[in-house]
Amino acid sequence: MDLDHDALTIGIDLGATSVRVAAYSPAAGLLETSIFPTRIAAGPVGVVDDIGDNVLRLLKVYSRSRPCVGIGVGSPGPLELPAGRLHAPPNLPGWDKFPLLHELQDRFPHSVFLDGDAKVAALAEYVLGSGKEFSVDSLCMLTLGTGVGSGIILKGRIWHGASGMAAEAGHLTIDPAGPICGCGNAGCLEAYASGTAIVKAAAHFAADDTHCFSPGRADGTHALTAGDLAIAARAGDPEARSIYDGAGRALGIALADLINLLNFPLYVIGGGVAQSWDLLSSSIFEELHRRSYVYRLTASDGPASQAFPGGTRVISSRLGPEAGLLGACILPLHAPPHEHEEALGDSQPDPHATLR
Ligand SMILES: [Zn+2]
């Protein structure tokens, strides 16, 4: 796509605890980012009002010298597309059936492009990160944060499925007898490999006074985080190591399924927990070799890689925690031109019409 490098976009990364709003241009990257808490108690309209104030301020400053081509939004799910409506998002109480796209569009003079937070992170990784580095046309990304999100880029486009809910890899079943997940199923990937799951797994060790994992916790100054457990694991704590090993195994099992299903050249692990790639990767690759013959045959560093140019790569994100915000910023530059009209209800030509 031929991009106007001097164009301006606004990106919105809507999270359950905070919102990030940024001004962006392809030539200059992130121009300015503002971060503010998500006022859950104010309800969805109150949060959208806060977003509106911040977007209009950035537009006032930056749209004088650059033409604004759109506003991109990455939102938690479940998100129905193209309608742009949320369905009982577990971390945003009171947002069930909230028409996020319409509420945002009503506030701005520029087109609003809305997509799932992990899907826009995958778009950023494809356009600006490892997708660019390895010149691939398709990739699958898993984001390990409060939950486990995922996004599929298929031949350069975000893959949405019929209702916008494709690529829910966080809810692939790893063990039918496993812990109950927020989605209602048991033993989902998210119940093993999210930051929340890692902290939960530590709870029965941490409940023991002799085992607090983190010096700060001994005097009750802060709640245990997945980052504390990573530090403990690197220092040799056997319980912390086994928790990360379990998360890596669950990821390896899910990735083996995804690789067997998709045969893409690139799988990217991002989100906060992916910063512990050193603790996850050996069990991920062990499971991949055990469970995916497609991976064994095509691994980019494997013995048969000469026969499969390009091969299969499984790596950690090149963009780190910025992927979601950058993805929202570039969404208006990469969304197919008809998507905005379709989202707001304009009729589209029926591709089957001539067959009837
Ligand atoms: Zn689930």
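As the structure lists them, so they are numbered: ligands from 1, and atoms in each ligand from 1.
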| message | Could you measure the distance from the CG atom of Leu262 to the OG atom of Ser138? Nearest 0.5 Å is fine. | response | 9.0 Å
I'd like a table of donor-acceptor pairs (distance under 3.5 Å, sequence neighbours excluded) in which one partner is a side-chain atom from residues 190-198, with atom names and distances.
unit_1: Glu190; atom_1: OE1; unit_2: Val148; atom_2: N; d: 3.0
unit_1: Ser194; atom_1: OG; unit_2: Glu190; atom_2: O; d: 2.8
unit_1: Ser194; atom_1: OG; unit_2: Ala197; atom_2: N; d: 3.1
unit_1: Thr196; atom_1: OG1; unit_2: Thr146; atom_2: O; d: 2.6

| Under a 4.0 Å N-O cut-off, is there an ion pair linking Asp53 with Arg57? | no
For residues 9-22, which side-chain N or O atoms pair as donor and acceptor with protein atoms under 3.5 Å away, sequence neighbours left out?
unit_1: Thr9; atom_1: OG1; unit_2: Cys329; atom_2: O; d: 2.6
unit_1: Asp13; atom_1: OD2; unit_2: Arg20; atom_2: NE; d: 3.2
unit_1: Asp13; atom_1: OD2; unit_2: Arg20; atom_2: NH2; d: 2.9
unit_1: Arg20; atom_1: NH2; unit_2: Pro321; atom_2: O; d: 3.2

| query | Which residues and atoms, protein N, O or S only, are under 2.8 Å from the Zn ion (ligand 1)? | reply | His171 ND1, Cys181 SG, Cys183 SG, Cys188 SG
| said: Using the side chain to side chain contact (heavy atoms under 4.5 Å, CB included) criterion, which residues pair with Ser150? Sequence neighbours excluded. | reply: Leu142, Ala167, Ala169
| query | Counting only heavy atoms not in Tyr293, do more than 12 fall under 6.0 Å of its OH? | reply | no
